[in-house]
Amino acid sequence: MLLLLLVAAGVRLAAARGPLWLDEIWTLGPQILGKVRTVGDVFRAIHHENNHYGNTLWAWFLGGDREAVWYRLPSVFAGVWLTWCGWRLGLKRSWPAAVGC
């Protein structure tokens with residue numbers, strides 16, 4: 001399982017590299033992060049322009065000057081976590097289901 005999780009993390013990190021996507025550029029711009037001064041602003045000041053509260057909090061925590069992969073770390077962790085959860089659910093059914101046979 002550890003090998004599978006390492007492969008899952010490697011694939012997701014490789015996919016997370018590259019330039020920012022349009023919604024990430026929007027989040028880091030003046031319309032979203034430009035209006036955020038406190039954590040509460042993420043939920044009160046920009047609620048009409050934003051539907052990615054968790055990602056916006058993470059971007060606000062990091063600031064607007066990091067490489068794209070830093071902003072995508074929550075997605076990388078979520079993907080690895082879902083791999084683990086899928087294995088655990090499959091294991092409840094049977095070993096072949098857990099290993100994907």
Side-chain angles (χ1 to χ4, degrees):
M1 186 63 210
L2 181 59
L3 179 61
L4 176 63
L5 291 176
L6 288 173
V7 169
V11 168
R12 284 169 176 79
L13 281 171
R17 301 211 178 271
L20 292 170
W21 296 351
L22 184 58
D23 62 334
E24 295 166 333
I25 293 169
W26 175 260
T27 297
L28 295 173
Q31 291 299 317
I32 303 294
L33 279 190
K35 295 180 180 179
V36 176
R37 302 287 176 250
T38 67
V39 172
D41 288 344
V42 172
F43 302 100
R44 290 188 305 265
I46 59 170
H47 59 87
H48 294 296
E49 298 96 344
N50 184 32
N51 64 352
H52 302 283
Y53 297 109
N55 286 346
T56 303
L57 285 170
W58 178 247
W60 179 70
F61 173 73
L62 290 176
D65 57 351
R66 302 283 180 121
E67 293 181 31
V69 70
W70 283 97
Y71 300 110
R72 296 176 181 145
L73 283 179
S75 298
V76 170
F77 290 128
V80 173
W81 176 250
L82 283 175
T83 302
W84 169 262
C85 291
W87 180 76
R88 293 292 299 164
L89 287 171
L91 195 58
K92 286 184 176 187
R93 183 170 183 188
S94 68
W95 176 254
V99 296
C101 294

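In this structure a side-chain-to-backbone donor-acceptor pair under 3.5 Å is missing from Ser94 to Gly90.
Counting non-hydrogen atoms of other residues, nucleotides and ligands closer than 6.0 Å to CD of Glu67 gives a total of 12 or fewer. With a 6.0 Å radius and a threshold of 12 heavy atoms from other residues, nucleotides or ligands, Arg44 has its CZ atom at or below the threshold.
When hydrophobic clusters are built by joining Ile, Leu, Val, Met, Phe, Trp and Tyr residues whose side-chain heavy atoms come closer than 4.5 Å, directly or via intermediates, Leu62 is grouped together with Val39. Both Leu20 and Leu57 sit in one connected hydrophobic cluster of ILVMFWY residues. Membership requires side-chain heavy atoms under 4.5 Å apart, directly or through other members. Linking Ile, Leu, Val, Met, Phe, Trp and Tyr residues whenever their side-chain heavy atoms come within less than 4.5 Å leaves Leu3 and Val76 in two separate clusters. Leu5 and Leu91 fall within the same hydrophobic cluster, where Ile, Leu, Val, Met, Phe, Trp and Tyr residues are linked whenever their side-chain heavy atoms come under 4.5 Å apart, directly or through other members.
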CA sep, side-chain torsions, deciding dist, call: Tyr71, Thr27, side chain to side chain contact (heavy atoms under 4.5 Å, CB included) | CA-CA 10 Å; Tyr71 300 110; Thr27 297; over 6 Å; no
Evaluate side chain to side chain contact (heavy atoms under 4.5 Å, CB included) for His52 paired with Asp23, printing each intermediate quantity in order.
-> CA-CA 9 Å; His52 302 283; Asp23 62 334; 4.3 Å; yes
List the steps and the verdict of side chain to side chain contact (heavy atoms under 4.5 Å, CB included) for Arg12 and Thr83.
-> CA-CA 11 Å; Arg12 284 169 176 79; Thr83 302; 3.6 Å; yes
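Atoms OG1 and CG, from Thr56 and Leu28 in turn, are 9.0 Å apart once rounded to the nearest 0.5 Å. Distance check: Leu73 CG to Arg66 CZ gives 10.0 Å after rounding to the nearest 0.5 Å. Met1 CE to Trp84 CH2: the interatomic distance, rounded to the nearest 0.5 Å, is 6.0 Å. In this structure, Glu24 CD and Arg72 CZ are separated by 4.0 Å, a value rounded to the nearest 0.5 Å. Atom CG of Asn55 is separated from atom CD1 of Ile32 by 11.5 Å, given to the nearest 0.5 angstrom. Residue Ile46 holds its CD1 atom at 7.0 Å from CG of Leu33, rounded to the nearest 0.5 Å.
Cation-pi geometry between Arg37 and Trp60 is not met at under 6.0 angstrom from the ring centre and within 45 degrees of the axis.
Using a 30° and 60° split on the angle between ring planes, Phe43 and Tyr53 fall in the parallel class, below 30°.
Heavy atoms only, all atoms of each residue included: Pro19 and Ala68 are closest at C-CB, 4.3 Å. Nearest heavy-atom pair across Trp70 and Trp58 is O-NE1, 2.7 Å.
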